[in-house]
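So you know, we letter chains A, B, ... as the sequences are listed, proteins then strands, and number each from 1. Hydrogens, waters and symmetry mates play no part in the numbers below; they use all other heavy atoms, side chains included.
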2 protein chains.
Amino acid sequence: MLISTKGRYALRILVDMAEHQTENYITLQEVAQRQDISEKYLESIVRELVKKGIVAGQRGKGGGYRLCAPPEKINVGDVLRTTEGSLAPVACLSEGAAPCSRAAQCRTLDFWRGLNEVIERYTGGFTIADMMRKGPDGDDYII
Amino acid sequence: MLISTKGRYALRILVDMAEHQTENYITLQEVAQRQDISEKYLESIVRELVKKGIVAGQRGKGGGYRLCAPPEKINVGDVLRTTEGSLAPVACLSEGAAPCSRAAQCRTLDFWRGLNEVIERYTGGFTIADMMRKGPDGDDYII
DNA sequence: CTAATTCCTACTATACTACCAGAAAAATAT
DNA sequence: ATATTTTTCTGGTAGTATAGTAGGAATTAG
C-alpha cells in the first residue's frame with residue numbers, strides 16, 4: 001500500500017477545508033464531524049500540514065485552521081509527500097536513503113526509477129481544486 | 001512504500017534465473033549466493049511464485065527451480081501482485097476490499113483510481129526480459 | 001476569568017516486515 | 001536399501017509502522 005490513512009485523510013481534510021472556506025478559521029471539530037474521522041487523529045495529521053506551511057493554525061477562541069494558498073495552488077504530490085515522508089515505491093529511491101551498493105549492477109533499478117517518475121508525475125499534476133465538487137455550493141447532489 | 005523487499009527480491013530472483021537458465025534446474029542456494037539474500041527468506045518468496053505458476057520446483061537431487069515461461073512472457077505486474085497481494089495505492093481499490101460507504105461522495109476516489117491505473121499500466125508493460133542484461137552472456141560488464 | 005481552540009508529549013494495541021529453525025517429503029545416485 | 005540433496009511445510013520471533021488515544025500546556029477572544 002503506497003498511501004496510508006494519514007495521506008488519504010490529509011487530502012480529505014484539505015478538500016473539506018477548501019469547500020467550506022470563509023473569512024473565518026475552520027475548526028478541527030467541524031472537519032472531523034463532516035469527514036467522520038477521529039478529531040485527535042486529525043490533529044496529528046493537520047499539525048504536519050502546518051509545519052509544512054500548507055495550512056495555518058490559530059489558537060484560542062475563534063481560532064482554527066485555514067489554507068495557506070488557494071486550492072488550485074495546493075499540489076497533491078506535495079501533500080502526500082508531507083504525510084507519507086516519501087512517495088518512492090521502493091526504499092532505495094527515497095530521498096536521503098543510503099545509496100545501494102548493488103546499484104551499478106542492479107537490473108531492476110531502471111524499472112523502479114520509471115515507476116517512481118510515473119507516480120511523481122501523476123500526483124504532481126493534481127491539485128486540491130481538481131478534487132473539489134464543482135457544484136454551486138460544494139454540497140453533495142443528493143438526487 | 002508500495003513495494004516491500006519481498007517484491008523486490010522476487011524480481012531479482014526471476015532476473016537471476018532468467019540470466020542463468022540452462023536445461024537443468026537452478027537451486028535456491030545458487031540464487032541466494034549470487035543475489036546475497038538469505039536462502040530461507042528466498043524460499044518463502046519462491047514458494048509463492050510456484051503457487052502462482054510463475055516458476056516450477058523439483059525436489060531431490062538435481063532438483064531446483066525453473067521458469068515456467070520465457071522471460072519475455074513474465075509480466076512484472078503479475079509478479080508484484082503475487083508477492084504484494086495488491087498494487088493498489090489505497091486500501092479501497094484492492095481487489096476484494098469492502099466497498100467504501102463514502103464512495104458516492106468521495107472527492108478523492110477519481111484521483112486514486114487514476115493513480116492505480118498509472119501504476120497498473122506501467123508495471124503491466126514490463127517483463128523480466130526487459131530487465132535482463134543484454135550482453136553476450138548475462139554477466140556484468142566490469143569496466 | 002472563562003471558554004475555546006491549537007499545540008505538544010507520551011502511550012497503546014494491532015498488524016506487518018523480514019527474517020530463522022527444524023523437520024517432513026520427494027527424487028536421485030550409489 | 002541407504003545416503004544425499006533438494007523442495008515443501010509449519011511455526012516461530014524481533015523490530016517497526018499504523019492508527020489511533022489520553023491528558024494537559026499554551027494562546028486568544030470575549
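Here C:dT17 presents its P atom at 12 Å from CZ of B:R8, a figure rounded to the nearest Å. Rounded to whole angstrom, the span from the CE atom of B:M17 across to the P atom of D:dT7 amounts to 10 Å. Taking atom CG on B:N24 and atom P on D:dT7, their separation rounds to 13 Å, with Å as the unit. Atom C1' of nucleotide D:dT8 and atom CD1 of B:I45 are separated by 16 Å, given to the nearest angstrom. To the nearest angstrom, P of C:dT14 lies 21 Å from CE of A:M1. A:K61 places its NZ atom 11 Å from the C1' atom of C:dC1, with the value rounded to the nearest Å. A straight line from NZ of B:K40 to P of C:dC20 spans 10 Å, rounded to a whole angstrom. For A:R59 and C:dT6, the CZ to C1' distance is 6 Å, given to the nearest whole Å.
Residue A:T27 places no side-chain N or O under 4.0 Å from the OP1 or OP2 atom of C:dT5. Residue A:S38 places at least one side-chain N or O under 4.0 Å from the OP1 or OP2 atom of D:dT21. OP1 or OP2 of D:dT8 has at least one side-chain nitrogen or oxygen of B:Y65 nearer than 4.0 Å. Regarding contacts with the backbone of D:dT18, every side-chain N or O of A:S4 stays at 4.0 angstrom or more from both OP1 and OP2. Using a 4.0 Å cut-off, some side-chain N or O of A:Y9 falls inside it from OP1 or OP2 of D:dG20.
Side chain to side chain, B:E48 and B:T83 fail the donor-acceptor criterion of an N or O pair below 3.5 Å. With 3.5 Å as the limit, one finds no donor-acceptor pair spanning the side chains of A:E95 and A:S86. Under the 3.5 Å distance criterion, with hydrogens and angles disregarded, a donor-acceptor pair is assigned to the side chains of A:K52 and A:T82.
Distance alone, capped at 3.5 Å, is enough to place a donor-acceptor pair between the B:E30 side chain and the B:T27 backbone.
Judged by distance alone with a 3.5 Å cut-off, no donor-acceptor contact links the side chain of A:Q58 to the base of C:dC7. At a cut-off of 3.5 angstrom, counting only N and O atoms as typed in the model, there is a donor on one side and an acceptor on the other between the side-chain of B:E43 and the base of D:dC9.
The residue B:G62 sits apart from the nucleic acid: no heavy atom pair falls under 4.0 Å. Using a 4.0 Å heavy-atom cutoff across all strands shown, B:G64 reaches sugar-phosphate atoms only and no base atom. At the heavy-atom level, A:G63 lies under 4.0 Å from the strands shown only through sugar-phosphate atoms.
Toward the 5′ end of DNA chain D lies the nearest nucleotide of A:T5, the other residue of the pair A:G60 and A:T5 mapping further downstream.
Crowding of B:E117 atom CD: a count of heavy atoms from other residues, nucleotides or ligands under 6.0 Å not exceeding 12.
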